[in-house]
Amino acid sequence: MSGRGDSEISETGEDRTETPEDLDGGRDLEDVEDLEDVEEFEDVEDPAQVARRARWTAAVTGSLLALAGLAASMLRATGSAPALVPAAYAFGAAVCALGAFLGSRGRTRRALWLLIAGVMVMALGDQFD
């Protein structure tokens, strides 16, 4: 017989494949009596809840960063900083606001990248001060 030694049917003729019942001990959800086993089945998180949490996180974070950027822009505009500094803060705040909008619409990956880009623009503008 050619092949590997751990093939499905051994030389004695017995089947060596494991069925899903063999892997979990043959237990079904109805057979579970331990509280720990019941919690194992309940730990699965709802994907809709995860997506909703991501949208809220992106929207709130983007809004806070946009407000912080606008506040910094107003403070820098009243001071003796070059005009590029408040413009960079305002532009970064606008990018963060766009990220907040996209995050609230479910585009959380794009929102994350826009939030990162907005904060980087604000940080770069601060370097010109």
Next on the checklist: Using the salt bridge (charged side-chain N to carboxylate O under 4.0 Å, His left out) criterion, which residues pair with R105? Sequence neighbours excluded.
Outcome noted: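 By the salt bridge (charged side-chain N to carboxylate O under 4.0 Å, His left out) rule, R105 matches no residue at all.
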Item to check | Listed partners of R55 passing salt bridge (charged side-chain N to carboxylate O under 4.0 Å, His left out), at least two apart | outcome: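 So R55 forms no salt bridge (charged side-chain N to carboxylate O under 4.0 Å, His left out) with any residue.
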Checklist entry - Hydrophobic clusters join Ile, Leu, Val, Met, Phe, Trp and Tyr when side-chain heavy atoms are under 4.5 Å apart, directly or via other members; which others share one with M120? => result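 Members other than M120 - counting any ILVMFWY side chain reachable under 4.5 Å - are L112, W113, I116.
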Looking only at heavy atoms, which two atoms of [X] and [Y] are closest? And how far apart?
X	Y	result
G103	A58	CA-CB, 3.7 Å
A88	G125	CB-CA, 3.4 Å
A59	S63	O-OG, 2.8 Å
C96	A66	CB-N, 3.9 Å

Next on the checklist: Rounded at 0.5 Å granularity, tell me how far CG in L115 sits from OG1 in T108.
Outcome noted: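 If I round to the nearest 0.5 Å, the distance is 10.5 Å.
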With a 4.5 Å limit on heavy-atom distance, are the side chains of [X] and [Y] in contact?
X	Y	value
V121	V95	no
Y89	L75	no
Q127	V85	no

Checklist entry - Ignoring hydrogens and geometry, is there a side-chain-to-backbone donor-acceptor pair from S73 to G69 under 3.5 Å? => result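 Not at all, since once roles are kept as given, no pair shorter than 3.5 Å links the two residues.
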Next on the checklist: For R53, is the CZ atom crowded, meaning more than 12 foreign heavy atoms sit under 6.0 Å from it?
Outcome noted: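 It does: R53 CZ has more than 12 such atoms within range.
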Item to check | Linked, directly or transitively: V119 and L98 (ILVMFWY side chains, under 4.5 Å) | outcome: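 Hydrophobic grouping puts V119 apart from L98.
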Checklist entry - Given the rule that I, L, V, M, F, W and Y join up when any side-chain heavy atoms are under 4.5 Å apart, are M122 and F101 in one cluster? => result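 Not linked; separate clusters.
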